[in-house]
Peer 1: 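Would you mind keeping the following structure in view while I ask a few things?
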Amino acid sequence: MAAKKPVAKKTPASKTKSSPKKSNRTFGEKVKWFVIKSLLWFFGLSIGSVIVFKFVPVPFTPLMLIRAIENKMDGKEVYFDHDWEPIEKISMNLQKAVISSEDGTFLTHNGFDFKALQKAYKSNERGRRIRGGSTISQQTAKNVFLWQGKSYFRKGLEAYFTVLIELIWGKERIMEVYLNSIEMGDGVYGAYAATEHWYHRDASSLTPMQAAGIAAILPNPRKFKATGSSSYINRRKEKIVRIMRTLGKIDYNAK
C-alpha cells in the first residue's frame with residue numbers, strides 16, 4: 001500500500017489576514033492635505049456661485065440678514081423690502097447717478113481704481129473724514145458674497161471676488177446686481193424697492209434729480225434721506241446731476 005501524504009493543516013482565517021496598515025502620513029502632511037482640500041472646495045464653490053449668479057437673480061445678501069438680526073436684537077421692527085428688477089427696467093438716470101457718485105471710472109477700470117484708493121489712503125492718513133475708495137465692482141463683491149468689516153482677510157476675499165465677477169459677469173451684470181442688492185434705506189434694498197419707498201413710482205421712470213437723490217444717500221442710507229433731505233444731501237444731489245450731464249451714453253461693452 002502507498003503511504004498516505006500528510007494533510008496540510010489549515011491556518012485559521014484570523015491568522016492569515018494581514019493587519020490593517022497604519023497611515024504613514026505625518027501630522028504636517030495631514031494638515032497640508034486638509035488645507036489643499038479646503039482650498040479646492042473654496043475655489044470650486046466660489047467660482048460656481050459666481051457662475052450661477054451671472055444668470056440667476058441674487059435672492060438675498062449677508063447684509064440683509066445681518067440688518068434683520070440687528071433690528072431684532074435692538075427690539076426694532078424687522079422691515080425688509082427687496083424685489084429683483086432687470087437692468088432694462090431700471091432708469092438710465094439711476095445708472096448714471098451711481099456711476100457719478102460712487103465710481104466715475106466704472107466703465108473703464110478692471111475692478112479697482114488705484115488712484116481713488118491712493119487718495120482715500122492719503123485722506124485717511126491726514127485724519128480727515130474716512131473715505132473708502134471702493135469701486136462699484138468691489139462693493140458688489142462685498143455685498144453679495146461677504147460680510148461687513150475692515151480686516152485684511154475680508155479685504156483679500158473682496159479683491160478675489162472682484163476679479164471673479166469682472167471676468168465672469170462683465171460690467172452690465174455687475175451694475176444690474178449692484179442696483180438690485182445695495183442698501184438704499186433702512187430695510188430697503190435695490191432700485192425697485194428704493195424708488196417705491198422714496199418716490200412712490202417704478203424704477204424705470206426716475207428723473208435725474210430723483211436718481212441723484214438715491215445715489216446721494218448711499219454712503220449712509222440709514223442716516224440720510226433721499227426726500228426731505230438735509231442741505232448736505234441737497235448739495236450732493238446737485239453735484240451728482242452736474243456730473244451726470246457729462247457722462248453721455250453708457251456703453252457697458254466699451255473699455
Side-chain angles (χ1 to χ4, degrees), residues 38-39 41-71 78-90 94-95 97-99 101-103 105-107 109-113 116-117 132-195 197 203 214-215 217-222 250 252:
S38 299
L39 287 174
W41 272 103
F42 169 73
F43 287 128
L45 290 173
S46 60
I47 293 171
S49 62
V50 171
I51 291 172
V52 168
F53 287 137
K54 177 179 173 66
F55 307 101
V56 177
V58 179
F60 66 91
T61 67
L63 180 62
M64 296 175 190
L65 179 62
I66 290 168
R67 292 289 190 237
I69 293 171
E70 287 176 350
N71 287 340
V78 180
Y79 176 78
F80 179 85
D81 192 2
H82 175 243
D83 292 285
W84 185 271
E85 191 83 331
I87 196 166
E88 295 82 10
K89 294 184 179 181
I90 297 176
L94 184 57
Q95 297 175 51
V98 295
I99 290 174
S101 65
E102 297 292 296
D103 185 2
T105 61
F106 173 68
L107 297 173
H109 65 59
N110 293 313
F112 308 93
D113 186 343
L117 287 171
S134 294
T135 63
I136 285 175
S137 301
Q138 288 175 275
Q139 292 178 48
T140 305
K142 177 185 69 177
N143 286 337
V144 175
F145 300 104
L146 302 169
W147 61 95
Q148 303 296 306
K150 295 181 180 179
S151 68
Y152 288 113
F153 176 68
R154 194 203 63 76
K155 291 297 287 184
L157 288 176
E158 179 186 298
Y160 167 73
F161 277 105
T162 299
V163 171
L164 282 186
I165 64 175
E166 280 281 340
L167 290 172
I168 297 174
W169 288 1
K171 294 294 185 182
E172 187 173 28
R173 180 60 176 178
I174 291 173
M175 178 60 74
E176 183 175 43
V177 175
Y178 175 77
L179 290 176
N180 274 287
S181 62
I182 57 171
E183 191 175 32
M184 294 179 166
D186 190 6
V188 180
Y189 302 92
Y192 181 91
T195 53
H197 176 79
I214 292 175
I217 68 172
L218 293 184
N220 195 336
R222 295 202 297 170
I250 293 179
Y252 289 110

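In what follows, residues are counted from 1 in the order of the sequence shown.
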Peer 1: Starting from the C-alpha separation in whole Å, work towards a yes-or-no answer on side-chain contact (heavy atoms from CB on, under 4.5 Å) for Phe161 and Thr140.
Peer 2: CA-CA 9 Å; Phe161 277 105; Thr140 305; over 6 Å; no
Peer 1: Would you indicate whether the side-chain heavy atoms of Lys142 and Gln148 approach each other to under 4.5 Å?
Peer 2: yes
Peer 1: My understanding is that only one of Val144, Val177, Val50 makes a side-chain contact (heavy atoms from CB on, under 4.5 Å) with Ile165; could you say which?
Peer 2: Val50
Peer 1: So which atom in Ser134 and which in Lys155 form the shortest heavy-atom distance, rounded to 0.1 Å?
Peer 2: OG-NZ, 4.0 Å
Peer 1: Drop me the distance from Thr162's OG1 to Leu146's CG, to the nearest 0.5 angstrom.
Peer 2: 8.5 Å
Peer 1: Distance from Ile66 atom CD1 to Glu183 atom CD, nearest 0.5 Å?
Peer 2: 10.5 Å
Peer 1: Report the distance from atom CG of Leu94 to atom CD1 of Ile214, rounding to the nearest 0.5 Å.
Peer 2: 5.5 Å
Peer 1: As an exercise, state the distance from CD of Glu172 to CD of Gln95, rounded to the nearest 0.5 Å.
Peer 2: 8.0 Å
Peer 1: Determine whether a donor-acceptor pair (N or O, by modelled atom type, separation under 3.5 Å) exists between the side chain of His82 and the backbone of Asn180.
Peer 2: yes
Peer 1: Between the side chains of Asp113 and Thr105, does any donor sit under 3.5 Å from an acceptor?
Peer 2: yes
Peer 1: Please report the shortest heavy-atom distance between Ser181 and Asn143, naming the atom on each side.
Peer 2: OG-CB, 4.4 Å
Peer 1: Please determine whether side-chain contact (heavy atoms from CB on, under 4.5 Å) holds for the pair Val58 and Trp84, giving the CA-CA distance in whole Å, both sets of side-chain angles, and the decisive distance to 0.1 Å.
Peer 2: CA-CA 8 Å; Val58 179; Trp84 185 271; 4.1 Å; yes
Peer 1: Counting C-beta onward and ignoring hydrogens, is there a side-chain heavy-atom pair between Tyr252 and Leu107 closer than 4.5 Å?
Peer 2: yes
Peer 1: Could you tell me how the ring of Trp169 sits relative to the ring of Phe145: parallel (under 30°), tilted (30 to 60°) or perpendicular (over 60°)?
Peer 2: tilted
Peer 1: If you measure from CD1 on Ile87 to CD1 on Ile174, what distance do you get to the nearest 0.5 Å?
Peer 2: 10.5 Å
Peer 1: Taking all non-hydrogen atoms of both residues into account, name the closest pair between Ser151 and Arg154 and its distance.
Peer 2: OG-N, 3.1 Å
Peer 1: Is the number of heavy atoms from other residues, nucleotides or ligands under 6.0 Å of Lys54 NZ greater than 12?
Peer 2: yes
Peer 1: Working note: Asp103 + Gln139, criterion side-chain contact (heavy atoms from CB on, under 4.5 Å); need CA distance, chi angles, decisive distance, verdict.
Peer 2: CA-CA 10 Å; Asp103 185 2; Gln139 292 178 48; 5.9 Å; no
Peer 1: Roughly how far, to the nearest 0.5 Å, is CD1 of Ile47 from CD1 of Ile168?
Peer 2: 6.5 Å
Peer 1: How far apart are the C-alpha atoms of Val98 and Met175, what are their side-chain angles, what is the distance that settles it, and do they pass the side-chain contact (heavy atoms from CB on, under 4.5 Å) test?
Peer 2: CA-CA 9 Å; Val98 295; Met175 178 60 74; 3.8 Å; yes
Peer 1: Just so I know, are the side chains of Pro59 and Phe53 near enough to count as touching, which here means a heavy-atom distance under 4.5 Å?
Peer 2: yes
Peer 1: Tell me, please, whether Phe106 has Lys171 positioned over its six-membered ring: NZ or CZ under 6.0 Å from the ring centre and within 45 degrees of its axis?
Peer 2: yes
Peer 1: Between Pro219 and Glu102, what is the shortest heavy-atom contact and its length?
Peer 2: CD-OE2, 4.4 Å
Peer 1: Between Phe112 and Val163, is any pair of side-chain heavy atoms under 4.5 Å apart?
Peer 2: yes
Peer 1: Identify the two heavy atoms, one from Ser137 and one from Glu166, that lie closest to each other, and give their separation to 0.1 Å.
Peer 2: OG-OE2, 2.6 Å
Peer 1: Step through the shown structure and confirm whether more than 12 heavy atoms of other residues, nucleotides or ligands are within 6.0 Å of CZ on Phe42.
Peer 2: yes
Peer 1: So which heavy atom on Ile51 is nearest to which on Phe55, and how close?
Peer 2: O-CD1, 3.3 Å
Peer 1: Heavy-atom count check: over 12 atoms from other residues, nucleotides or ligands less than 6.0 Å from Tyr178 OH?
Peer 2: yes
Peer 1: Got Arg67 and Arg222 here, is their nearest side-chain heavy-atom distance under 4.5 Å?
Peer 2: yes
Peer 1: Evaluate the side-chain proximity of Leu157 to Trp147: yes if any heavy-atom separation is below 4.5 Å, no if none is.
Peer 2: yes
